[in-house]
Protein chains: 2
Amino acid sequence: MTADPSARRGIPDATVARLPEYLRALTGFAERGITSVSSEELAAASGVRSAKLRKDLSHLGSYGVRGVGYEVDHLAYQISRELGLTQDWPVAIVGMGNLGHALAAYSGFATRGFRVVALLDQDEALHGQQIAGLPVRPMDTLDALVAEEGLAIGVIATPAGSAQDVCDQLVAAGVSSILNFAPCVLVVPDGVDVRKVDLSTELQILAFHEQRKALASAALGPVAKGVAK
Amino acid sequence: MTADPSARRGIPDATVARLPEYLRALTGFAERGITSVSSEELAAASGVRSAKLRKDLSHLGSYGVRGVGYEVDHLAYQISRELGLTQDWPVAIVGMGNLGHALAAYSGFATRGFRVVALLDQDEALHGQQIAGLPVRPMDTLDALVAEEGLAIGVIATPAGSAQDVCDQLVAAGVSSILNFAPCVLVVPDGVDVRKVDLSTELQILAFHEQRKALASAALGPVAKGVAK
DNA sequence: ACGCTTTTGTGAACGAATGCACAAAGTCAC
DNA sequence: GTGACTTTGTGCATTCGTTCACAAAAGCGT
């Protein structure tokens with residue numbers, strides 16, 4: 001059962017998290033008319049070591065040619081297929097504040113396998129207003145979106161206070177993958193995936209390292225002025 | 001040299017990445033007037049297991065009381081200090097498109113140890129324009145910001161095409177921590193930290209799991225209709 | 001046809017992170 | 001003051017991820 005003959009089940013999470021970056025690098029090569037890359041080149045363009053890249057790719061199958069490298073188009077297709085991007089995923093964005101606004105207008109989604117099919121907000125005052133060519137809808141249209149559009153992925157861009165409430169509504173309607181921009185922990189039933197993006201958290205991690213650098217240079221040479229600031 | 005007597009050097013990266021979440025949870029407890037929490041409660045509020053939480057906290061020192069728990073204020077202070085948040089970090093945002101706009105208006109920074117001191121853009125047409133109470137400045141004011149404000153952290157919210165260029169200018173001016181929202185790999189010299197936030201990447205990872213769920217339910221019972229869609 | 005060069009794919013060693021289980025250390029009731 | 005109870009801090013085992021190093025496989029020139 002665990003030993004799959006097609007040797008493909010169970011791609012490590014760490015690998016899955018890097019596949020999008022490989023895909024982007026491959027797209028870049030393709031745009032420049034390059035049809036073949038070595039693991040070394042692709043790794044450099046993705047910001048990883050070549051050994052790691054090769055091990056990652058080995059989990060999806062054997063798509064390289066020894067002595068030559070990888071065919072750009074073919075590898076890109078295989079990664080796309082593995083990530084489930086051969087189809088377009090409908091996405092709904094909830095919360096039309098500053099961030100929701102920016103996300104609705106972000107063009108990067110469309111080019112990478114996603115289609116924003118709806119914008120929602122709990123605030124009645126916003127309903128009907130057009131943002132980036134789409135009307136803002138009330139939350140109770142979620143069921144219809146899941147049924148008619150096959151909506152499965154929701155993006156939460158509300159304040160932290162309403163995030164859990166909105167999340168519950170998404171889950172109740174049948175959405176099973178959620179991208180959360182609100183700075184809070186979401187509780188969801190089994191079978192629902194949540195990923196969190198938190199701007200403050202990222203800055204705080206940077207601050208930690210920044211402080212470490214400052215302390216280190218202060219300890220080694222408190223005299224330094226130009227460089228160690 | 002590596003063996004530090006105060007037993008504090010070398011906090012694992014995985015732990016550092018979770019400290020902001022603990023800090024947020026603690027702030028939540030404090031706001032509700034709770035002065036003491038157990039590792040179990042704090043872990044639940046942070047979305048981790050209590051054993052993990054305790055091991056994480058043990059890396060910063062021994063701030064709990066056996067049989068009782070942790071004093072909320074004290075632990076919050078210790079984590080803040082470890083993350084370097086007892087001071088306010090000046091931050092500059094580069095790229096005043098949709099996303100830069102939203103980030104400039106985001107109030108979450110100020111409450112968590114950061115202060116947006118400048119907005120920059122390469123586009124001359126935007127210079128002088130006011131966004132969220134700050135004027136948009138040209139890139140050549142970076143040196144002054146580093147010298148006068150002590151700027152050390154920069155946020156890149158430009159399109160992918162100009163991100164490396166902007167990054168180089170930040171680094172040249174002396175910025176040594178960068179938060180990158182552009183969907184591309186940045187090359188920086190040693191001593192400069194980069195963290196990347198990529199919306200499409202996150203969605204693609206969700207799509208992978210979503211596809212896996214769809215395939216699994218299709219394989220186990222292609223008959224199911226209501227639930228497995 | 002054959003050896004030389006290149007580059008993949010992978011076994012094995014290593015290191016980091018997680019989870020478990022319990023002794024140590026404290027509080028509290030009486 | 002003493003014993004029962006609670007909760008932390010941590011050694012240990014395990015799992016997960018990365019790096020190394022090289023054999024196997026392909027192309028190429030002659």
Side-chain angles (χ1 to χ4, degrees), chain A residues 2-4 6-19 21-22 25-26 29 34-72 74-76 78-79 82 205 208-209, chain B residues 2-4 6-19 21-22 25-26 29 34-72 74-76 78-79 82 205 208-209:
Chain A
T2 46
D4 193 24
S6 80
R8 179 122 52 73
R9 274 317 96 201
I11 299 179
D13 285 349
T15 295
V16 173
R18 282 187 293 266
L19 291 180
E21 192 63 54
Y22 302 153
L26 285 168
F29 282 116
I34 296 167
T35 60
S36 174
V37 285
S38 68
S39 64
E40 206 67 56
E41 294 165 328
L42 184 53
S46 312
V48 302
R49 298 278 179 187
S50 65
K52 197 191 268 187
L53 172 82
R54 288 200 301 277
K55 179 141 293 197
D56 281 343
L57 295 185
S58 76
H59 287 113
L60 349 173
S62 203
Y63 299 123
V65 179
R66 291 171 194 234
V68 178
Y70 301 88
E71 209 224 320
V72 172
H74 185 234
L75 185 56
Q78 292 298 343
I79 294 179
E82 199 63 55
I205 295 169
F208 171 83
H209 292 293
Chain B
T2 45
D4 193 21
S6 81
R8 179 125 48 75
R9 272 319 94 201
I11 300 179
D13 284 350
T15 294
V16 173
R18 283 186 293 266
L19 291 181
E21 193 63 55
Y22 301 153
L26 285 168
F29 282 117
I34 295 167
T35 60
S36 174
V37 285
S38 69
S39 64
E40 207 66 56
E41 294 165 327
L42 184 52
S46 312
V48 301
R49 297 278 177 187
S50 65
K52 197 191 267 188
L53 172 82
R54 288 201 301 278
K55 180 145 295 198
D56 280 343
L57 295 185
S58 76
H59 287 114
L60 349 173
S62 204
Y63 300 123
V65 179
R66 292 172 194 233
V68 178
Y70 302 88
E71 207 224 320
V72 172
H74 185 233
L75 184 57
Q78 292 298 343
I79 294 179
E82 199 63 54
I205 296 170
F208 171 83
H209 293 293

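Order of the sequence lines sets the chain letters (A, B, ...), proteins ahead of strands, with each chain counted from 1.
- Atom NE2 in His59(B) sits roughly 11 Å away from atom C1' in dT18(C) (whole-Å rounding).
- Distance CG (Asp13(A)) to C1' (dT18(C)): 14 Å, rounded to an integer number of Å.
- Residues Ile11(B) and His59(B) share a closest heavy-atom pair of CG1-O, 4.2 Å.
- Listed here is the closest heavy atom pair of Ala25(B) and Leu42(B): CB-CD1, 3.7 Å.
- Of the residues near DNA chain D, Pro12(A) and Val68(A), the one whose nearest nucleotide (by heavy atom distance) lies more toward the 5' end is Pro12(A).
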Discussion item. Go through it in stages, so that I can follow the logic: the residues are Val48(A) and Tyr22(A), the test is side chain to side chain contact (heavy atoms under 4.5 Å, CB included), and I'd like the CA-CA distance, side-chain angles, deciding distance and then a yes or no.
Written reply: CA-CA 10 Å; Val48(A) 302; Tyr22(A) 302 153; 4.0 Å; yes
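- The side chain of Tyr63(A) places no N or O atom within less than 4.0 Å of a non-bridging phosphate oxygen (OP1 or OP2) of dT7(C).
- Between Val72(B) and Ser36(B), the closest heavy-atom pair is CG2-N, 3.7 Å.
- Between the CG atom of Asp56(A) and the P atom of dT10(C) there is a distance of 13 Å, rounded to whole Å.
- Shown here are the side chain to side chain donor-acceptor pair (under 3.5 Å) partners of Gln78(B), two or more places apart in sequence or in another chain: Tyr63(B), His74(B), Arg81(B).
- For Glu21(B) (side chain) and Arg18(B) (main-chain N/O), no donor-acceptor pair under 3.5 Å exists by modelled atom type.
- Arg66(B) has its CZ atom 16 Å from the P atom of dC22(C), to the nearest Å.
- Contacts of residues 45-54 of chain B with DNA chain D (heavy atom under 4.0 Å): Arg54(B).
- The two residues Tyr70(A) and Arg54(A) come nearest to each other via the heavy atoms OH-CG, 3.9 Å.
- When DNA chain D is scanned 5' to 3' for any atom under 4.0 Å from a heavy atom of chain A, the first and last hits are dG17(D) to dG27(D).
- Atom CD of Glu40(A) is separated from atom C1' of dG9(C) by 15 Å (rounded to the nearest Å).
- Summarising the geometry of Asp13(B) relative to His209(A), their closest heavy-atom pair is OD1-CE1, 4.1 Å, with the distance given to 0.1 Å.
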